[in-house]
There are 2 protein chains.
Amino acid sequence: MEKLTIGQLAKRAKVNLETIRYYERRGLIPEPPRSESGYRMYSRDAVARTEFIKRAQALGFSLREISEIFALRMEPETTCGDMKAKVEAKIEDIEQKIADLEQIREALVAMAEKCRGKGPIGECPILEALYKNNI
Amino acid sequence: MEKLTIGQLAKRAKVNLETIRYYERRGLIPEPPRSESGYRMYSRDAVARTEFIKRAQALGFSLREISEIFALRMEPETTCGDMKAKVEAKIEDIEQKIADLEQIREALVAMAEKCRGKGPIGECPILEALYKNNI
DNA sequence: CCTTGACCTGTACCAAGGTACAGGGTTTAT
DNA sequence: ATAAACCCTGTACCTTGGTACAGGTCAAGG
């Protein structure tokens, strides 16, 4: 089994080397065996695990949540339903964020529409809205 | 003209007292005149300004951007169009965030649908997708 | 008069997710 | 043989938007 140094792992997983050590400190990546001189020696699995973390992050999971997923996976009683529940909770989370942003967008669009875009800033309806209105 | 202490300002603008001092350090609120004993004495305008900051923040503007808006307002050549441009840039920004979240949502929904929600975690299609797929 | 509450400055700390050294040892390539 | 490139630990620093003291002064109520 070929072993990777931390630099090789970082390169393959396309993350910063310091990030690997950071994930180890956070418990996201297990402490690997060391070479005689104390170098971390990773198996191939570490690349997959690091990529897993990056994919989950890209889907909106925090590092804490990713830790929880790994922990879940290690418990023998865990079922697929538990994992599905996590994903469904995250979907709701994302949907809430989208709804919040839609509201913000509506308010911004309404403000922009009130402004002809000409004239001095002293009479800008946008600034007036920010100074006086409830949004 | 009635003057407010920092505590009174914080209460009326519904922010933490430390936040007022923080905004002063960031240059968002001008340094107010002091009483003989060195207390900050604010005019009514400070309440409106603090509320402006909070409203703009709620619309997705960062404190840095809010500073820029205040700076813009002080320059005599600034027109309403400059302000409108800021709002339109923010709308694009928000729309991009919404689009990103929609994509994430789609990916999560697709993953959840692959999972029947039963059986051991070892065969969970969600975990497999995170381990192997490009998303 | 004295206590309590409000204010002052300055600095440290928080979340989250890293990144960047310093100061040392090791491995690899020339 | 020696320089470059890599690794080690430990700690400090970054962003954004605050919050929380510590240690001291001041003001208002009973």
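Protein chains get the first letters and strands the later ones, always in sequence-line order, with residue 1 at the start of each. These numbers were taken from a predicted model, which means no experiment stands behind them.
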Do NZ/NE/NH1/NH2 and the carboxylate oxygens of B/Glu68 and B/Lys86 come within less than 4.0 Å?
yes

Over all strands shown, is B/Lys54 touching base, sugar-phosphate only, or nothing at heavy-atom distances under 4.0 angstrom?
sugar-phosphate

Length of the line joining B/Phe61:CZ and D/dT16:P, which is rounded to integer Å
16 Å

Rounding to an integer number of Å, can you tell me how far B/Tyr22 OH sits from C/dA12 P?
17 Å

Whole angstroms only, please: what is the OH-C1' distance between A/Tyr39 and D/dC7?
4 Å

Does the ring of B/Phe70 carry B/Arg49 above it, NZ/CZ under 6.0 angstrom from centre and within 45° of its axis?
yes

Between A/Asn16 and C/dT19, is there a contact of a side-chain N or O with OP1 or OP2 at under 4.0 Å?
yes

How many Å lie between CD on B/Glu18 and C1' on D/dG17, as a whole number?
13 Å

Walking DNA chain C from its 5' end, the first of A/Gln57 and B/Arg25 to be reached, judged by nearest nucleotide, is B/Arg25

Is the backbone of A/Met74 close enough, under 3.5 Å, to the side chain of A/Thr78 for a donor and an acceptor to pair up by distance?
no

Length of the line joining A/Leu9:CG and D/dC8:P, which is rounded to integer Å
11 Å

Euclidean distance, A/Leu9 CG relative to A/Tyr42 OH, rounded to 0.5 Å
6.0 Å

To the nearest angstrom, how far is A/Met41 atom CE from C/dT26 atom C1'?
13 Å

Result for 5'-nearest mapping on DNA chain D, choosing between A/Leu17 and B/Leu17, is A/Leu17

Looking only at side-chain N and O atoms, does A/Thr5 come under 4.0 Å of OP1 or OP2 in D/dC7?
yes

Picking from C/dC7, C/dA16, D/dC8, which would you name as closest to the side chain of A/Ile6?
D/dC8

OP1 or OP2 of D/dT9 versus the side-chain N and O atoms of A/Arg40: is any pair under 4.0 Å?
yes

Would you say A/Thr19 reaches C/dG17's phosphate, i.e. side-chain N/O to OP1/OP2 under 4.0 Å?
no

Is A/Arg40 paired with A/Glu31 through a side-chain N to carboxylate O contact shorter than 4.0 Å?
no

Whole Å only: how far is the CD atom of B/Glu31 from the P atom of C/dC8?
12 Å

Suppose we call a contact any N or O donor and acceptor under 3.5 Å apart; does that hold for the side chain of B/Tyr23 and the base of D/dG17?
no

Hey, are A/Glu65 and A/Lys90 close enough for a salt bridge, meaning a charged N less than 4.0 Å from a carboxylate O?
yes

Would you say the side chain of B/Glu36 and the base of D/dC26 hold a donor-acceptor pair, judged only by whether the two atoms sit under 3.5 Å apart?
no

Contact class for A/Arg21 vs. all strands (heavy atom < 4.0 Å): base, sugar-phosphate, or nothing?
base

Atom CD1 of B/Ile20 and atom P of C/dC8 are separated, to the nearest Å, by 11 Å

When you measure from the side-chain N and O atoms of B/Ser37 to the phosphate of D/dA27, is any distance below 4.0 Å, counting only OP1 and OP2?
yes

Describe the nucleic acid contact of B/Ser35 in one word from base, sugar-phosphate, nothing, applying a heavy-atom distance below 4.0 Å.
nothing

